[in-house]
There are 2 protein chains.
Amino acid sequence: MTDLEKGPRGLRRGRGARERILGASRELFGSRGINNTGMDELCAAAQVSKHTVYQHFGGKDQLVTEFLRQHDPDTMPDVFDRADLTPRERMLAAFDRPSTVPPRDVTPLCPFIGAAVEISDPEHPARRRAHDYKEAVAARFAEAAREAGATDPELLGEQLALVLDGASARTRALNAETLGTAAAIAATLIDQAVPVAR
Amino acid sequence: MTDLEKGPRGLRRGRGARERILGASRELFGSRGINNTGMDELCAAAQVSKHTVYQHFGGKDQLVTEFLRQHDPDTMPDVFDRADLTPRERMLAAFDRPSTVPPRDVTPLCPFIGAAVEISDPEHPARRRAHDYKEAVAARFAEAAREAGATDPELLGEQLALVLDGASARTRALNAETLGTAAAIAATLIDQAVPVAR
DNA sequence: GCTTAACTGCACCGATCGGTACGGCTAAGC
DNA sequence: GCTTAGCCGTACCGATCGGTGCAGTTAAGC
């Protein structure tokens, strides 16, 4: 994401094509979906020659995989690594994401869910990455839940992760924001799972 | 679904091709996804000539739309129309679905979520159908919630619908059943939303 | 200023996509 | 037994897909 990141093996690069490609992937795979985005289209958006794409990444599948690997590698650090919030507030902050940028009127679909739906082969590396990410989110929630003193942190973590996924999928299906609903559910679950309550 | 349903306008039919086509749609769109299923492939699975498909349905888009329109037209009647269950039990029954048939080891993805993800145009008829269905599910839950005496039936209905969608999406992403987790969430939400409790 | 290589532009490949044309078969209804 | 029409089989269409070849341009590092 830094505009001067090194290539695959510290290669020299003329003008950072790799980053533009990944940027265009984020843009197009996110808005139009993976299968509805052609490589020509992607090259045009990245202002990059087709040849360059296949030089950096081996092919579309590997580009998709790499795109997902780059996406949120630390699993929502802007939520779970905030030291200024209590564990409970951190859990709730996950449901209080960037509020609707003008171009999109609703929160875009989680790219991992998108990949899991669009790629039918469960053994595909992108599917594996999606699997790992989803488990990582649950683990992050569980960690915060443990700090908050939840009776069963693992269970609460899995529950909150599921609710977050529900918000993503349902927002897409309804084409209307549902994160607020999800936040209310989260609050209820947390209060119910933490003995002393607040 | 009845194996002798009439065609578009009560036509005569030699041997029920229309039903086989819709059956194959259910099979293939469900397992491999819409965009990953070719028309040739679908024709082969339905044991139907390509010509016949385009005679019954105008094209792939319209077939997808019709497939979704046929799918669960009464919005889970096997759950919400059961007179032998209390409203609360009915709500919970929605999370206790057909338990993992051998070929699939997990609950398949909700076809409406699939369509909402695979089709990027929000104005596509299939997307509209998905939208309507998802609202219908929430309304069904809300109806049961009202009967159960929930404080805010509409809210609880929307919450339970979101949790159900979360289970569908997350089951796909993890490739492991998550309906149990969803059921636990549902129970918590219901107990919290119904004043007298059980 | 030379080397080196990332990057470009375009033409092109085979495969597959959704969709159509056409001629022939078969079974229901009178 | 004739009509009627749902259905078949195949060959084929143009478009687009992911991916490659090749000659040429640009810019960083020494």
Side-chain angles (χ1 to χ4, degrees), chain A residues 2-25 28-29 32-67 115 118-121 124-126, chain B residues 2-25 28-29 32-67 115 118-121 124-126:
Chain A
T2 55
D3 63 349
L4 266 190
E5 186 178 311
K6 284 300 177 55
R9 265 191 329 167
L11 299 175
R12 206 183 309 158
R13 282 167 325 109
R15 209 164 66 248
R18 184 183 175 88
E19 295 311 312
R20 287 206 308 278
I21 296 170
L22 286 170
S25 300
L28 293 179
F29 291 158
R32 308 163 69 107
I34 295 171
N35 289 329
N36 291 323
T37 300
M39 291 301 278
D40 293 285
E41 199 176 353
L42 193 142
C43 291
Q47 298 186 81
V48 152
S49 152
K50 217 170 175 184
H51 191 92
T52 306
V53 174
Y54 286 88
Q55 205 165 291
H56 278 289
F57 313 89
K60 189 179 185 180
D61 280 11
Q62 295 159 63
L63 172 59
V64 171
T65 304
E66 188 57 27
F67 151 63
E118 292 212 74
I119 303 170
S120 54
D121 176 18
H124 191 292
Chain B
T2 55
D3 62 350
L4 267 190
E5 186 177 312
K6 284 299 177 57
R9 265 191 328 168
L11 299 176
R12 209 182 311 158
R13 285 165 326 109
R15 211 162 65 246
R18 184 185 175 87
E19 295 311 311
R20 287 205 308 278
I21 296 169
L22 285 171
S25 300
L28 293 179
F29 291 157
R32 308 163 69 108
I34 295 171
N35 289 329
N36 290 323
T37 301
M39 291 302 276
D40 293 285
E41 200 177 352
L42 193 142
C43 291
Q47 298 185 83
V48 151
S49 154
K50 216 171 175 183
H51 190 90
T52 305
V53 174
Y54 285 89
Q55 204 165 289
H56 278 289
F57 314 89
K60 189 179 186 180
D61 279 12
Q62 295 161 62
L63 172 59
V64 172
T65 304
E66 187 58 26
F67 151 62
E118 292 211 74
I119 302 171
S120 55
D121 176 19
H124 191 292

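Below, read A as the first sequence line, B as the second, and so on, with proteins coming before strands; counting in each chain starts at 1.
- Atoms CE (A:M39) and P (D:dT20) sit 10 Å apart, rounded to a whole Å.
- Look at CZ on A:F57: it is 16 Å from C1' on D:dG18, rounded to the nearest Å.
- Counting heavy atoms from C-beta outward, B:F57 and B:L22 have side chains that approach closer than 4.5 Å.
- Look at CG on B:D61: it is 16 Å from P on C:dC17, rounded to the nearest Å.
- Side-chain N/O atoms of A:R20 include none lying less than 4.0 angstrom from OP1 or OP2 on C:dA6.
- The distance from atom NZ of B:K60 to atom C1' of D:dA15 is 15 Å, rounded to the nearest whole Å.
- Rounded to an integer number of Å, the gap from A:H56 NE2 to C:dA6 C1' is 7 Å.
- The shortest distance between side-chain heavy atoms of A:E118 and B:N36 does not fall below 4.5 Å.
- B:L42 places a side-chain heavy atom less than 4.5 Å from the side chain of B:F29.
- Within the 4.5 Å cutoff, the side chain of A:D61 has no heavy atoms near those of the A:I119 side chain.
- Atom CD of A:Q55 and atom P of C:dG9 are 14 Å apart (whole Å).
- Note on A:Q47: only backbone sugar-phosphate atoms sit closer than 4.0 angstrom, heavy atoms only; bases stay farther off.
- Atoms CG (A:L63) and C1' (D:dG19) sit 13 Å apart, rounded to a whole Å.
- Distances shown here put a side-chain N or O of B:T52 below 4.0 Å from the OP1 or OP2 atom of D:dC8.
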Please tabulate the protein-to-nucleotide N/O contacts below 3.5 Å involving nucleotides 9-14 of chain D, giving atom names and distances.
from  : atom 1 : to    : atom 2 : distance (Å)
D:dG9 : N7     : B:S49 : OG     : 3.4

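- The side-chain heavy atoms of B:H124 and B:T65, taken from C-beta on, include a pair separated by under 4.5 Å.
- Summarising the geometry, the separation between CG on A:L42 and P on D:dT16 is reported as 17 Å, rounded to the nearest angstrom.
- Overall bending of the helix from C:dG1-D:dC30 to C:dC30-D:dG1, expressed as the angle between end axes built from five pairs apiece, is 30° (10° steps).
- A:E41 is linked by a side chain to side chain donor-acceptor pair (under 3.5 Å) to A:R32, counting only residues two or more places apart in sequence or in another chain.
- Side-chain contact check for B:Q55 versus B:R18: every heavy-atom pair is 4.5 Å or farther apart.
- Here the shortest heavy-atom pairing between A:K50 and A:C43 reads CA-SG, 3.5 Å.
- Counting heavy atoms from C-beta on, the side chains of B:M39 and B:L63 come closer than 4.5 Å.
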